[in-house]
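FYI, side chains are in, hydrogens and waters are out, and symmetry mates aren't considered; it's all heavy atoms of this structure. Quick caveat, the model's predicted, so the values are computed rather than measured. Residue indices begin at 1 and follow the sequence shown.
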Amino acid sequence: YDKSPWDRSGRYLLCLATETPLQALTGTEVARIELVDLQASPGTPPRILAETRAWCWQQGSMLQWLPGAEDRLIIYNQLQDDRFVAIIQDVWTGEQRVLSRPIYALSPNGREAVSVNFSRLAWARPGYGYPALPDPWRQVSAPEDDGIYRVDLESGESQMLFSLAQLAATQPDDRMADCYHWFNHLQYNADGSRFLFLHRWGPPGMFRQTRLYTAQPDGSHRYLVSDHDMVSHFDWLGRDQILAWARRHGVGDRYFLFRDRSSDFQVLGEEVFNCDGHCSFSPDEQWLMTDTYPNREHIRTL
């Protein structure tokens with residue numbers, strides 16, 4: 001929900017299409033990267049741009065237009081030569097460029113991205129990673145040589161910014177004993193000067209605790225924004241504020257507006273928002289829209 005499928009003109013729509021039944025993936029399933037022309041005659045089929053086995057139900061293949069080139073370049077994750085990579089592709093010529101790692105979130109400058117181990121994510125949090133390849137550190141609680149990576153979109157090379165072991169050793173919690181650590185949900189702020197991520201731990205398939213961190217693009221100046229047990233959906237507001245459905249001891253579960261690198265926070269819309277949802281700010285940052293989880297009648301509310 002944090003990636004726009006429309007190109008710069010609003011005419012072309014990116015889609016991920018599959019005939020796969022809605023069930024747990026094994027990694028053999030194929031999805032198509034498609035381009036829909038909204039001005040085409042009715043019944044015109046979409047253009048098939050590529051196929052990928054690096055996708056999941058919750059987060060697709062991270063398919064999106066490349067910032068700064070939203071009229072021709074897209075980026076998506078792919079399985080190639082027994083490794084996960086990212087592909088930058090020209091939708092008109094078909095020309096492709098391969099990056100050394102899959103991408104999780106793109107910087108607004110269109111020159112860099114951050115990445116995680118999608119195999120570990122598939123094992124730790126089924127539905128969010130890619131099951132086609134096993135995690136080399138599956139038996140390791142918090143690996144020293146796996147973590148969050150920076151990917152240079154121009155050179156295609158990547159480097160690890162910090163490891164799971166480093167975060168597990170930062171302000172350790174007694175409840176981490178015998179738990180499995182992973183990273184999820186990375187997102188840059190409006191100007192790309194910071195990115196946020198969730199550090200989670202628990203038995204594989206079920207997380208117990210979540211901490212919300214921010215860092216600079218080179219991994220330095222990490223800041224622990226919230227660590228009161230639970231953090232769920234979020235969105236940046238500008239460059240310094242983060243809205244997140246989270247828990248604060250003494251307050252409860254609310255939408256909190258945190259200020260990065262500060263202990264300041266406030267409850268937002270307490271009389272309106274009473275449950276977790278997929279929160280997004282409008283481009284002018286004047287409006288917030290979110291939804292709810294299904295109620296007993298399977299109804300969601302906007």
Side-chain angles (χ1 to χ4, degrees), residues 1-6 13-36 46 48-65 74-80 82-87 89 101-106 113-135 138 148 180 182-187 196-198 200 202-208 210 230-235 244-245 275-280 289-295 297-302:
Y1 69 94
D2 59 347
K3 296 172 177 60
S4 175
W6 286 280
L13 183 73
L14 282 175
C15 297
L16 191 70
T18 181
E19 281 76 43
T20 301
L22 187 58
Q23 61 190 26
L25 300 179
T26 65
T28 61
E29 299 85 356
V30 172
R32 299 185 303 276
I33 310 295
E34 297 187 347
L35 187 68
V36 177
I48 299 176
L49 303 177
E51 293 184 339
T52 180
R53 284 174 54 201
W55 67 282
C56 60
W57 290 118
Q58 288 281 356
Q59 302 185 122
S61 62
M62 300 300 180
L63 173 66
Q64 58 197 290
W65 296 92
I74 62 172
I75 187 169
Y76 57 93
N77 293 334
Q78 178 64 283
L79 175 64
Q80 188 176 90
D82 293 325
R83 64 188 181 117
F84 292 124
V85 298
I87 303 290
Q89 180 171 334
R101 286 188 178 274
I103 58 101
Y104 197 111
L106 290 181
V114 281
S115 178
V116 300
N117 177 352
F118 282 89
S119 295
R120 187 175 189 86
L121 193 50
W123 167 243
R125 186 73 170 131
Y128 288 81
Y130 306 146
L133 299 175
D135 176 21
R138 183 166 171 168
I148 288 181
Y180 190 81
W182 66 94
F183 295 127
N184 202 356
H185 299 309
L186 287 63
Q187 188 184 48
L196 63 75
F197 62 93
L198 300 185
R200 284 178 163 162
M206 181 182 69
F207 62 87
R208 289 176 177 164
T210 302
M230 185 275 291
V231 181
S232 185
H233 297 97
F234 55 75
D235 194 19
W245 183 264
C275 71
D276 191 7
H278 300 81
C279 51
S280 295
M289 184 168 72
T290 189
D291 62 358
T292 66
Y293 276 78
N295 61 17
E297 288 74 41
H298 307 291
I299 301 296
R300 301 169 185 262
T301 301
L302 283 177

Which atoms form the tightest heavy-atom contact between [X] and [Y], and what is the distance?
{"X": "Trp57", "Y": "Gln23", "value": "NE1-O, 2.7 Å"}
{"X": "Trp123", "Y": "Arg138", "value": "CZ3-NH2, 2.6 Å"}
{"X": "Cys15", "Y": "Val36", "value": "SG-CG2, 3.8 Å"}
{"X": "Ala50", "Y": "Tyr76", "value": "CB-OH, 3.2 Å"}
{"X": "Pro131", "Y": "Ala122", "value": "N-CB, 3.9 Å"}
{"X": "Gly27", "Y": "Ala132", "value": "O-CB, 3.6 Å"}

Could you grab the distance from atom [atom1] of [X] to atom [atom2] of [Y], nearest 0.5 Å is fine?
{"X": "Thr292", "Y": "Ile299", "atom1": "OG1", "atom2": "CD1", "answer": "9.5 Å"}
{"X": "Arg208", "Y": "Thr210", "atom1": "CZ", "atom2": "OG1", "answer": "12.5 Å"}
{"X": "Leu302", "Y": "His278", "atom1": "CG", "atom2": "NE2", "answer": "11.5 Å"}
{"X": "Gln187", "Y": "Phe197", "atom1": "CD", "atom2": "CZ", "answer": "14.0 Å"}
{"X": "Leu133", "Y": "Asn117", "atom1": "CG", "atom2": "CG", "answer": "9.5 Å"}

Main-chain N/O of Ser4 paired with Trp65 side-chain donor or acceptor, under 3.5 Å: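 Pair absent, no side-chain N/O of Trp65 close to backbone of Ser4.
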Backbone of Met62 reached by a side-chain donor or acceptor of Gln64 within 3.5 Å: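 Judged by distance alone, yes, a pair lies under 3.5 Å.
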Neighbour count >12 (heavy atoms, 6.0 Å) for atom CH2, Trp6: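 Not more than 12 within 6.0 Å, no.
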More than 12 heavy atoms from other groups under 6.0 Å of CG on Asp82: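 At most 12 heavy atoms, drawn from other residues, nucleotides or ligands, come within 6.0 Å of this atom.
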Pi-cation contact, Trp182 with Arg200 (under 6.0 Å, within 45°):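 So Arg200 doesn't make the cation-pi contact.
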Pi-cation contact, Phe84 with Arg53 (under 6.0 Å, within 45°):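 No, Arg53 does not sit over the ring of Phe84.
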For residues [X] and [Y], determine if any side-chain heavy atom of one lies less than 4.5 Å from a side-chain heavy atom of the other.
{"X": "Thr52", "Y": "Leu79", "result": "no"}
{"X": "Ser115", "Y": "Ile103", "result": "no"}
{"X": "Leu63", "Y": "Lys3", "result": "no"}
{"X": "Ile74", "Y": "Leu49", "result": "yes"}
{"X": "Thr18", "Y": "Val30", "result": "no"}
{"X": "Leu198", "Y": "Phe183", "result": "no"}
{"X": "Ile33", "Y": "Leu16", "result": "yes"}
{"X": "Glu29", "Y": "Trp55", "result": "yes"}

Candidate pair Asp291 and Thr301, rule side chain to side chain contact (heavy atoms under 4.5 Å, CB included), full reasoning: CA-CA 6 Å; Asp291 62 358; Thr301 301; over 6 Å; no
Aromatic plane relationship, Tyr104 with Phe118 - under 30° parallel, 30 to 60° tilted, over 60° perpendicular: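 Parallel: the ring planes of Phe118 and Tyr104 meet at under 30°.
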CA sep, side-chain torsions, deciding dist, call: Asp235, Ser280, side chain to side chain donor-acceptor pair (under 3.5 Å): CA-CA 6 Å; Asp235 194 19; Ser280 295; 4.7 Å; no
Residues which pass salt bridge (Lys or Arg N to Asp or Glu O under 4.0 Å) with Arg101, listed by chain and number, not counting sequence neighbours: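 Arg101 satisfies salt bridge (Lys or Arg N to Asp or Glu O under 4.0 Å) with no other residue.
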Steps toward side chain to side chain contact (heavy atoms under 4.5 Å, CB included) verdict (Tyr130, Cys56): CA-CA 6 Å; Tyr130 306 146; Cys56 60; 4.1 Å; yes
CA sep, side-chain torsions, deciding dist, call: Gln59, His185, side chain to side chain contact (heavy atoms under 4.5 Å, CB included): CA-CA 10 Å; Gln59 302 185 122; His185 299 309; 3.5 Å; yes
Verdict with reasoning, Glu19 to Arg32, per side chain to side chain contact (heavy atoms under 4.5 Å, CB included): CA-CA 10 Å; Glu19 281 76 43; Arg32 299 185 303 276; 3.0 Å; yes
